[in-house]
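Read through the structure below, which is laid out as structure tokens, and then see the notes.
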Number of protein chains: 4
Amino acid sequence: MSSFGTLFRVTTYGESHCKSVGCIVDGVPPNLELTEDDIQPQLTRRRPGQSKLSTPRNEKDRVEIQSGTENGLTLGSPIAMIVKNEDHRPHDYSETDLYPRPSHADWTYIQKYGTKSSSGGGRSSARETIGRVAAGAIAEKLLSKANGVEIVAFVSSIGPVSMARDASDPKFHELLNTVTREQIDATGPIRCPDETVREDMVKVIEKYRDAQDSIGGVVTCVVRNCPIGLGEPCFDKLEAKLAHAMLSLPATKGFEFGSGFLGTQIPGSKHNDPFYYDELHKRLRTTTNFSGGIQGGISNGENIYFSVAFKSAATISQEQPTATYDGKDGVLAARGRHDPSVTPRAVPIVESMTALVLADQLLIQKARESGAAIVGN
Amino acid sequence: MSSFGTLFRVTTYGESHCKSVGCIVDGVPPNLELTEDDIQPQLTRRRPGQSKLSTPRNEKDRVEIQSGTENGLTLGSPIAMIVKNEDHRPHDYSETDLYPRPSHADWTYIQKYGTKSSSGGGRSSARETIGRVAAGAIAEKLLSKANGVEIVAFVSSIGPVSMARDASDPKFHELLNTVTREQIDATGPIRCPDETVREDMVKVIEKYRDAQDSIGGVVTCVVRNCPIGLGEPCFDKLEAKLAHAMLSLPATKGFEFGSGFLGTQIPGSKHNDPFYYDELHKRLRTTTNFSGGIQGGISNGENIYFSVAFKSAATISQEQPTATYDGKDGVLAARGRHDPSVTPRAVPIVESMTALVLADQLLIQKARESGAAIVGN
Amino acid sequence: MSSFGTLFRVTTYGESHCKSVGCIVDGVPPNLELTEDDIQPQLTRRRPGQSKLSTPRNEKDRVEIQSGTENGLTLGSPIAMIVKNEDHRPHDYSETDLYPRPSHADWTYIQKYGTKSSSGGGRSSARETIGRVAAGAIAEKLLSKANGVEIVAFVSSIGPVSMARDASDPKFHELLNTVTREQIDATGPIRCPDETVREDMVKVIEKYRDAQDSIGGVVTCVVRNCPIGLGEPCFDKLEAKLAHAMLSLPATKGFEFGSGFLGTQIPGSKHNDPFYYDELHKRLRTTTNFSGGIQGGISNGENIYFSVAFKSAATISQEQPTATYDGKDGVLAARGRHDPSVTPRAVPIVESMTALVLADQLLIQKARESGAAIVGN
Amino acid sequence: MSSFGTLFRVTTYGESHCKSVGCIVDGVPPNLELTEDDIQPQLTRRRPGQSKLSTPRNEKDRVEIQSGTENGLTLGSPIAMIVKNEDHRPHDYSETDLYPRPSHADWTYIQKYGTKSSSGGGRSSARETIGRVAAGAIAEKLLSKANGVEIVAFVSSIGPVSMARDASDPKFHELLNTVTREQIDATGPIRCPDETVREDMVKVIEKYRDAQDSIGGVVTCVVRNCPIGLGEPCFDKLEAKLAHAMLSLPATKGFEFGSGFLGTQIPGSKHNDPFYYDELHKRLRTTTNFSGGIQGGISNGENIYFSVAFKSAATISQEQPTATYDGKDGVLAARGRHDPSVTPRAVPIVESMTALVLADQLLIQKARESGAAIVGN
């Protein structure tokens, strides 16, 4: 289905060639200051066509709030937002339409639905993420009020070029502690905070762009000041919800949090995060953070950090030997220009999905805390 | 919450020191042949104490079906299953109870609930997975009827010792095509099908066991004969559901499917899976399978395969410098003997969660197909 | 929350003074012929200002499909629909705004949300039902394809004037068997099929209108050709879902199905519906239908019929002694003209909610049937 | 499905002839004092065989808590409860099994599931309500802590004999203000607080019992001290949730709240509940309560009251002409003795479902209030 969340819930709609894309966000608390100006920045960061590293289409993507606010304040009722599609005519069919695009959703959609939209994969289009980003911007406003929650994502690898993101490395944790969205944007379209690899990343993208090819990458995200206690012990562990959210994004191939896959190689005696008493916060904290801020499925107040793998974009301009829908071998010829790496554009989308998970879990945990307070004892 | 699934839904209960653990499985179709004998084998595979590689406690874990079957056939009504806890007395408190165990759920539970069960993390105990495995066994029976679905998981790495699981490697795909649960079990407690690394894996575990330490690993899982069309385009992509399921397991740190994290380094021109017409199946298939059997969030009929990272077990026997609940520095002393690697035991649990995801998505997709058939056109 | 349904799900948004109202309908099967022309008729029937019996505001309520269709066919993706509000400026505040309107949502909204929208009760406005009616029109199209399902609602009482709707009465069942939406609309704005009471109903409404007062009524609804097997045995009985749907409509006070409250007075020996073999349908049917087409929570193929009580509209033009928000006694003075009876306008809304329940249960049951077919035996 | 609730959720299992019936209650706050002694009383009140007015089977129905508590306090984890079935052998088939019992679930179950349990309707058995009552007892404990919530249900009519329950009648409201569960139980098995009709009710039941027939009735329920703000504006109005809950009970035919069906005849000028300032509670209250404590879908702090219609029990001992499963006309002969009126036994079940609705809505509203508090302004 097209809904996500229990108490803070977004429902999205839209594909590339319909009138508009957008969402309804249900469960936003009342009295939150909210106008289009709070939402547009992340939509703009999500937009393609921002540099020669990304696709040159210039979608305008202006969001319009339809409901749920009055005089710049939320009402507590659902907030509908729409972003008009610039060109909502069904596209002209051409010979390329005889081919399901390899590693796209074209073929599986036809298998599932028995129908094909002119935008091919339809809802698997990256354009569907507009509704998520718009909703995420509202979630972020709420979270920043909650505990000063900060969510910052960035590119940590492009193809084989990777910055260090080793959970054992104090420098990496220093970066997680301090990196800001402004710093990331100041690095230009590559959105990588590590100057030692940034240029190489750009070169990799340019190389594949010039070869009419594409290349993948990894986005890493940190959440600072996450309230303690978010997430539920069993099926709804916080990491499970985050994994669900991230793998629901187009083109993702993997998710890891804290020490991640490399953590499997670190023995327990080193991997365990010892507790100490922190005088500043007047509570226990951990001296290391291999746990990635989540223990037993529940946030522990340390930085939450995780990484998401994005595959090389399936849409490439070079010719690809493949087969038509009706099984004839052939070559899918190039059409248009395409984004050689979607990874940098995924940065605000990862942030948005993170915010949606946390806002929902925050409200659920508030209910839990209230229940405990009622019981007293 | 403790429920998972929409139309095929499991709800689990229980912690280490209560009377029993178990689950209710709702949405099981009627007339399925089902007795305890269908469920016990996976529970037995899940059990600790099966070898010197795992913890020596000998839990019996006999499942009893309470409802939902009659004369060996399911009724369509909920199937409750219980497994009695051998020792359901609250444990004796000792000095070790002054310490939240590092990288356990002890501290986050107290933060979330304001209470501490004698089984520490309570629901985060590995014993909670009994209900999942019992439910998964039913899901597997349904899936095997559906399309001959086969689900086989195995250990693919222990600490630094890893078998090849490169999506570019034909030998790896050959393994995925053929490996059986019987073959895995024949490898002994290590549950790794690759004889070239198996011995080294055992040695690694023994090394950490002897050092009163622990070590993590990776479980890889393949699904063969998955029906085409499972999964939904947006938030409920099949990979998102699988990621959610896997990261909801205790001690997991990451999930990747198909080409995974390494896939980010393979350019689109190689990473895209070209189509060809398969005479045998009378439909399009792909010549490679970097996609891992899922495109646009929807299964495409190729093998689904994915890997799950399990951290080094947090419970170790050696002393750990840490702090008490009330903030005093100290050393958490050893108690009992513990599993040096939970990874091999995770194999049936990964299979079970996979089955739960697929059974639910299968029923949902059947509703979609029926809806399309109603519309006709 | 603002969502309803599991596999066929509507999410609505909007209040009186925002830019638009509307909905997202998720789970609509692909390839269904669908344009605005399929949706507008029920919206037009819902519209106020259609006669001197209802409020003179002339809302245009033109629906615009935003997504989910192409070339007049559904895609399987979510269908967003919007209806622009004619006047979406926050209204001018006046002295009447000092008073929570009696038996409106004004006061409870402030208690719940701590905020007040200029449209008073905000989401409790009748205008919210536009999204439901638009979604219901799609559900009806699907249902008519499924089994020729027909849903017809009508006014069965206004104030004390009531047509016979006794489950023991063959004439009532004859009416249920045959009445059409066209016949209902041909009766004019009163929407009552019984000519013996129709005029009296109109007179009652006129009497209360002239007295600047309001009066309630009952809407009865019949579903013909409902597929057998819809509804689930326990919490999701079909009557429970219908009751939920109906009581979620503004101004409702009660729900009864089949023999209803009067049925409590009929002894079991008469109330039980005996079975007979129907040669035409080649299956068991019942000779009477006190059950209202639902037994054990599951549709049995007989007509489903139920009634919904609508209270006298809370908004009246005459002066009402009451208190201001801050507790001062006073008199809420008249403002504008108001609908003396909302009951006739509720007819298409009741039909729409019925369709939403049935479409969702139909898809769920199709999944159940498919599950049973997989198992075979 | 067999689950009910969002944050406070019960999942039930079991039918008449399986090993046990029971439930899992998820979302119970931690630290609540809870033992079997808190749950048994309502189960005992639910039990059949308590008088010559009800069926003579003497089920013992002892509840056993399996999980979720320790040392008499809840842990915050799911609470599983089981009640063993005394005789869990599949019953002996006899000639009566050739007939679907009229107005039972036998036939619709076979249509839905294609299978027949030896307990006939299986999950539609009244025995399924044991899990609901056990769960409701926990919900009640929470609610009594929350705001001193009191829930009292009673029989308000049996067949044609009805006590006054007119929303215009001050005496009825006086009763709602004061009636206690103890008073109800002191009236004996009839459970009607109105002494003027009680004897006649008993006579009606005895008459139908002696005629091997059955008769229906109405249960009325009042909720006192309900927190203000429970319920959501749109689909999840508090009355919609209550209606859903009540119509999910076996044998129900209708639901009305506040003025109910009769309220449709009261003009708005009288039906509207004027506000006044209540010095005691320091807030607005209403001078009348036709609204039944819910306005705009949200509780307003006045008494919530509603009535539920229960049909005459379908199981009667006298012979019934009907047809066999395979369509042959015949007479279903008597078997055993049966409850001539299930209405009095429904009293604790209605209370339990009410508690389940309110506990869930309470936790949801606590999340809403916390969200508003976070936003501040």
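Since the structure is predicted, the reported quantities are computational estimates derived from the model, not experimental observations. Per chain, numbering begins at 1; letters A, B, ... match sequence-line order.
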Could you tell me whether the side chain of [X] and the main chain of [Y] form a donor-acceptor pair under 3.5 Å?
X	Y	value
D:Thr264	C:Phe310	no
C:Lys311	D:Phe290	no
C:Asp213	D:Ser269	yes
C:Ser103	D:Asp273	yes

With chain C, which of [options] has the greatest number of heavy-atom pairs at distances under 4.5 Å?
options	result
D:Tyr277, D:Phe275, D:Phe4	D:Phe275
D:Gly292, D:Gly327, D:Gly301	D:Gly327
D:Arg283, D:Glu369, D:Gln365	D:Gln365

Contact origin within [X] toward chain D - heavy atom pairs under 4.5 Å:
X	value
C:Thr129	neither
C:Leu242	neither
C:Val204	neither
C:Ser299	backbone
C:Gln320	side chain
C:Lys112	both
C:Tyr325	backbone
C:Ala313	backbone
C:Thr324	backbone
C:Met246	neither
C:Leu284	both

Residue list, side chain to side chain donor-acceptor pair (under 3.5 Å) with C:Gln295, at least two apart or on another chain: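 Only C:Ser291, C:Asn300 meet the side chain to side chain donor-acceptor pair (under 3.5 Å) criterion with C:Gln295.
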
D:Lys253 charged N/C atom sitting above C:Phe257 aromatic ring, 6.0 Å / 45°: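 Yes, a cation-pi geometry holds between D:Lys253 and C:Phe257.
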
D:Arg132 charged N/C atom sitting above C:Phe235 aromatic ring, 6.0 Å / 45°: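 Ring-cation test returns yes.
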
At a 4.5 Å cut-off on heavy atoms, which part of [X] comes close to chain C: side chain, backbone, both, or neither?
X	value
D:Glu239	both
D:Ile364	neither
D:Val10	both
D:Pro321	backbone
D:Thr286	neither

